[in-house]
Structure formats: structure tokens, C-alpha cells
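Numbering of residues begins at 1 and proceeds along the displayed sequence.
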Amino acid sequence: MAPNLNFTQSQFDVASLGPCTLDSPLQLSTVPGDGRCDFTFDDARILYEPRFRTGESICPLSLEHAGPRQKIFFDPAQVKAAIVTCGGLSPGINNVVRTAVLELIHNYGVPEVVGIRFGYEGLNPAVGRPPMKLTPEVVENIHHHGGTILGTSRGPQDAATTVDFLVNQGINILFCIGGDGTQRGSHAIAVEVARRGLKIAVVGIPKTIDNDIEFCYTTFGFATAVAEAEVAIDRAHVEAKSVDNGIGLVKLMGREAGFITATAVLASGEANFCLVPELPLELHGPHGFLAKLKRRLQARSHAVVVVAEGAGQHLLEEIAGADASGNRRLSDIGYFLKAEIESYLHAEGVPTSVKYFDPSYLIRSLPAEAVDSLLCERFARAAVHAAMAGRTDLLIGLWHNHLIHVPLTTSTGLKKRLDPESELWTSVLSLTGQEKW
């Protein structure tokens with residue numbers, strides 16, 4: 001996705017609870033080349049846009065580099081940290097919880113970490129369950145399991161009620177694991193904390209299966225979901241090739257972003273059509289999808305179609321309202337497309353057999369695979385380092401493979417979308433050949 005160069009440097013300024021005056025308990029170094037890992041300097045920055053053409057001036061915008069600081073704000077012995085997981089599931093949530101707990105307790109010496117039960121509901125004692133204590137023993141094996149040990153829910157709670165709860169519980173660090181809706185909620189909490197002049201750090205860790213969070217090249221769990229989606233596409237290909245004019249139709253997650261669909265199509269290499277929300281789906285006419293599908297069958301006697309759940313919504317009856325996270329409700333493009341394909345090909349005198357696969361929830365409820373486990377470790381440790389240094393009202397991002405601090409005032413409300421001019425989409429078109437049909 002092309003960078004937005006309309007930002008100002010002040011939009012990348014991260015809020016802090018105050019000066020860092022305490023020595024970090026981490027046994028790190030400030031001397032490069034001495035064989036020990038180094039602290040991250042407070043003035044270390046990552047360029048927002050590192051690409052430039054010869055002779056052009058370099059974009060001066062930069063973001064704060066995440067990492068352990070030599071001086072920290074909180075006395076670890078006085079910290080009580082809390083972790084909350086919100087929104088839909090994604091592989092690796094338990095990994096993030098586990099790493100954060102172990103980093104806080106073993107490396108910083110924080111005496112108490114608690115888990116908030118079932119999302120933001122757990123921050124409202126009128127509707128939520130009491131927190132659970134998180135110890136190294138409790139989290140020892142949770143990374144081998146999908147889902148979240150804490151439970152999750154959608155929707156915000158009143159920020160004033162939430163802050164009252166944090167104060168009453170003695171919690172002075174809150175980690176919020178979730179997508180854009182979750183981070184809007186964490187920003188509201190941070191604003192209320194600042195209004196009261198409290199010393200409570202609020203740090204967001206990005207989680208979305210759709211990989212659509214801005215300032216984050218890849219969210220944890222995405223690679224695991226893509227690997228499972230690849231299996232579904234491969235199975236659809238087997239079904240399609242096993243009969244004359246067979247069609248394998250696979251619907252994947254992706255409400256407004258087609259990253260899972262496009263990436264899984266590339267990973268499989270077996271799809272002939274990739275339909276994503278960012279590009280309008282033209283169904284009828286000589287250049288429409290149905291005519292192209294017929295031409296594909298006439299040429300190769302089988303086809304595999306992969307569609308994101310948010311694609312083609314303009315063709316369906318709109319469903320009013322939104323879910324508790326504010327996401328608009330979607331009609332089912334999968335069953336609609338299956339019916340349209342069967343109806344069109346029947347009218348055209350082309351016998352077919354359409355096998356429909358919908359692995360939506362299957363791909364997000366898995367344990368994290370190795371690549372995501374490593375990413376979870378990075379996000380969780382960076383969040384702990386940020387919080388202990390008194391940084392607040394921020395999201396941990398991944399920018400040019402470096403972890404960064406992004407103010408929630410800047411990151412929330414921005415959604416990453418698949419760029420039709422990107423290498424990713426160009427590769428999809430090259431692989432599927434869907435334009436030529």
C-alpha cells in the first residue's frame with residue numbers, strides 16, 4: 001500500500017507518563033559490539049518512507065523505535081499489570097499473553113499480572129467476571145492452544161467505569177490485544193486516564209485476522225490462517241478436477257480487505273479466480289465473472305474460485321446495522337455466488353458440479369505456527385518495554401520489519417487495504433490468469 005505522506009511529525013509523537021529515572025533491571029548493554037544485546041535509545045527512529053529516487057529529497061517523517069529502554073518509568077515492584085483480549089480470534093493470542101506475562105515477571109520482576117475476562121466486559125464489574133491471576137505456571141503451555149485463555153467479547157465499555165475499575169484494582173499497566181475497534185476503546189481509556197492525571201500506561205497490541213491494521217505490515221496469526229486457507233484451496237482443486245466442469249468455490253475471511261484471500265491464492269497456486277473487496281465484482285456481461293468462468297471451463301474443464309467474504313456486497317441485499325465492534329453486517333457472498341454460478345451455467349447449457357468450502361472460523365481458531373509464534377514474541381516484548389518506560393496511548397506497529405510505537409490518535413480509524421497496483425495483486429493476476437479468460 002502506498003504510504004500516506006500527508007502526516008505531520010507531531011502525529012507520530014508518543015505520549016509519556018513522565019520522565020524515566022529508574023534503571024532497567026534488564027541486563028543489556030549500550031555498547032554495540034560487546035557481545036551483549038543492546039538497549040534501544042530513546043531517540044532511535046524508523047523512517048516512515050525509506051524509499052526514494054536518486055536526486056529526490058528523503059521524506060523526513062519518522063516513528064519511534066520500539067525496544068527496551070535503559071531508564072524506565074515504573075518501579076517494577078510497584079507494578080500490577082493487566083491484559084485484555086478483545087474481538088475475533090486469531091492464532092497466537094495465547095502466545096502474546098504468555099510472553100507478556102513471562103517478560104513482566106521473570107525479566108522485569110513485576111509481582112502481579114492479571115487477565116481481564118472476556119474482553120472489555122471484564123473491565124466493568126457490573127457485567128464482567130473478576131480478573132484471573134496470571135502466573136508463569138498458568139501460562140506455561142497456553143501457546144500450544146488456539147483461542148484465548150482469557151476469553152473475548154466485542155464492544156466497548158464506558159471509559160470512566162473502566163478507569164474506576166483499574167484504580168480500584170490497583171492496575172497501572174493495561175495491555176489491550178485487538179483490532180481497530182479494540183484500539184479505539186484503549187484510546188478512550190487512555191484519554192480518561194490522562195484527564196484524571198493518573199499514572200496508568202495503556203498499550204495496544206494489534207490483532208486482526210484480516211491483516212488490515214495500518215502501520216503494521218503483518219499482524220500475528222495471519223501466516224497461520226493463510227496456511228490453513230491454502231489447504232482448503234488445495235482441497236477445492238482436488239474436488240474440481242475430479243469431475244468434468246467441476247468448480248471448487250472457497251470463501252475466506254476478509255470483510256473489507258482481501259489480504260488473506262490474495263495471499264492464500266498465491267500460497268496454493270491452484271486458484272483461477274481471486275475475488276476481493278477492494279475491486280468491484282462485475283458478475284454479468286461478456287467481461288463479467290460468469291462469462292469468464294464459462295470460458296475457463298471450456299478451455300480446462302475445471303476451475304477454482306476463491307472469494308473474500310466482503311467481496312461483491314453491492315450485488316446482495318444489504319443487511320442493516322452492525323455488530324458490537326461497529327463492523328457492518330455482511331450478506332453471504334459464498335452461497336450467493338454458488339447459486340449464481342449454477343444458474344448461469346445451467347442456462348448456458350454447461351453441466352457443472354460446484355463444491356463449496358467455507359473454512360472461515362477454522363482458519364482463525366488454530367494455534368500459531370512457528371512464524372507467527374516468533375512474531376507474537378516480538379509484539380509482546382515490545383509492548384512490555386513500552387509500558388515499563390511509561391509510554392502510553394500507543395499501538396505497537398511493525399514497519400519495515402522494525403517494531404515501532406504509533407500513537408493511537410494516529411493509528412485508530414485507519415484501515416489498510418489491498419492496493420490493486422501492488423506486487424501482491426499483480427502476482428495474483430499473473431498466477432490466476434483471471435483477466436485473460
Side-chain angles (χ1 to χ4, degrees), residues 1-7 11-12 46-51 59 61-63 66 86-92 176-187 204-226 229 252-267 274-280 308-311 313 325-328 330 363-364 371-372 375-376 378-379 382 394-428:
M1 182 174 180
N4 175 8
L5 298 180
N6 294 320
F7 289 116
Q11 289 177 278
F12 295 146
I46 301 298
L47 284 174
Y48 176 66
E49 176 50 73
R51 297 166 296 185
C59 175
L61 295 175
S62 64
L63 298 118
C86 307
L89 297 181
S90 182
C176 302
I177 305 172
D180 187 66
T182 301
Q183 303 313 329
R184 287 197 301 270
S186 59
H187 174 58
I205 301 172
K207 172 202 63 65
T208 168
I209 201 67
D210 290 348
N211 197 35
D212 62 352
I213 292 181
E214 187 58 282
F215 298 101
C216 194
Y217 279 176
T218 303
T219 49
F220 68 83
F222 177 72
T224 301
V226 166
L252 297 175
M253 285 189 161
R255 301 181 59 85
E256 298 178 70
F259 292 109
I260 285 182
T261 301
T263 309
V265 161
L266 286 179
C274 178
L275 311 176
V276 296
E278 291 87 345
L279 296 169
E309 62 180 327
Q313 289 296 307
S325 297
N327 301 311
R328 68 187 179 103
L330 300 178
I363 71 172
R364 75 177 197 177
V371 64
D372 279 322
L375 193 55
C376 291
R378 296 182 67 192
F379 275 120
L394 67 90
L395 176 79
I396 301 298
L398 182 64
W399 204 242
H400 310 300
N401 204 33
H402 293 278
L403 293 172
I404 56 170
H405 298 157
V406 188
L408 287 173
T409 51
T410 299
S411 64
T412 51
L414 296 179
K415 292 292 189 74
K416 185 171 62 175
R417 296 289 179 262
L418 193 157
D419 182 355
E421 297 183 9
S422 66
E423 179 187 0
L424 173 59
W425 186 246
T426 301
S427 299
V428 167

Would you call Val406 and Leu63 a side-chain contact if the rule is heavy atoms closer than 4.5 Å? yes
How long is the span from the CZ atom in Phe379 to the CG atom in Leu403, to the nearest 0.5 Å? 6.0 Å
Please test Trp425 against Val276 for side-chain contact (heavy atoms from CB on, under 4.5 Å), starting from the C-alpha separation and ending with a verdict. CA-CA 10 Å; Trp425 186 246; Val276 296; 4.0 Å; yes
Only counting residues at least two apart or in another chain, list the ones meeting side-chain hydrogen bond (donor to acceptor under 3.5 Å, both in side chains) with Gln183. Ser186
Taking all non-hydrogen atoms of both residues, which atom of Cys216 and which atom of Asn211 are closest, and how far apart? O-OD1, 4.3 Å
Taking it one step at a time, do Thr263 and Leu424 satisfy side-chain contact (heavy atoms from CB on, under 4.5 Å)? CA-CA 8 Å; Thr263 309; Leu424 173 59; 4.2 Å; yes
Measure from the side-chain N and O atoms of Ser422 to the backbone N and O of Asp419, and report whether any donor-acceptor pair falls under 3.5 Å. yes
Are the side chain of Gln313 and the backbone N or O of Leu330 linked by a donor-acceptor pair below 3.5 Å? no
If every non-hydrogen atom of Ile363 is compared with every non-hydrogen atom of Pro91, which pair is closest and at what distance? O-CG, 3.8 Å
Flag, side chain of Thr412 to backbone of Arg184, donor-acceptor distance under 3.5 Å: no
In short, Leu375 meets Thr218 closest at the heavy-atom pair CD2-O, 3.6 Å
Between Arg364 and Met253, which heavy-atom pair has the shortest distance, and what is it? CD-CE, 3.6 Å
Taking it one step at a time, do Val428 and Leu266 satisfy side-chain contact (heavy atoms from CB on, under 4.5 Å)? CA-CA 6 Å; Val428 167; Leu266 286 179; 3.9 Å; yes
Taken to the nearest 0.5 Å, the spacing of Leu408 CG from Leu394 CG works out to 6.5 Å
Does Ser411 have any side-chain hydrogen bond (donor to acceptor under 3.5 Å, both in side chains) partners at least two apart in sequence or in another chain, and if so, which? none
Residues that Thr224 engages under side-chain hydrogen bond (donor to acceptor under 3.5 Å, both in side chains), provided they are two or more places apart: Asp372
Measure from the ring center of Tyr217 to the ring center of Phe222 and say whether it is less than 6.0 Å. no
Is there a donor-acceptor pair under 3.5 Å between the side chain of Thr410 and the backbone N or O of Gln11? yes
Please check if the distance between the ring centroids of His405 and Phe12 is under 6.0 Å. no
Where do Gly254 and Ala308 come nearest, in terms of heavy atoms and distance? O-CB, 3.8 Å
Check whether NZ of the Lys or CZ of the Arg Lys416 lies under 6.0 Å from the centre of the six-membered ring of Phe259 and within 45 degrees of that ring's axis. yes
With a 4.5 Å cut-off on side-chain heavy atoms, are Ile177 and Phe220 touching? yes
Distance col, row Leu418:CG vs Thr261:OG1, nearest 0.5 angstrom, shows 9.5 Å
CD1 of Ile205 to CZ of Arg378: how many Å apart, nearest 0.5 Å? 13.5 Å
So CG of Leu252 and CD of Glu309: to nearest 0.5 Å the spacing works out to 9.0 Å
Is a side-chain donor or acceptor of Lys207 paired with a backbone partner of Cys86 at a separation under 3.5 angstrom? yes
What distance separates Leu395 CG from Glu214 CD, expressed to the nearest 0.5 Å? 10.5 Å
Verdict with supporting geometry, Lys415 and Asp180, side-chain contact (heavy atoms from CB on, under 4.5 Å): CA-CA 8 Å; Lys415 292 292 189 74; Asp180 187 66; 3.5 Å; yes
Which atom names give the shortest non-hydrogen contact between Tyr48 and Trp399, and what distance separates them? O-NE1, 2.8 Å
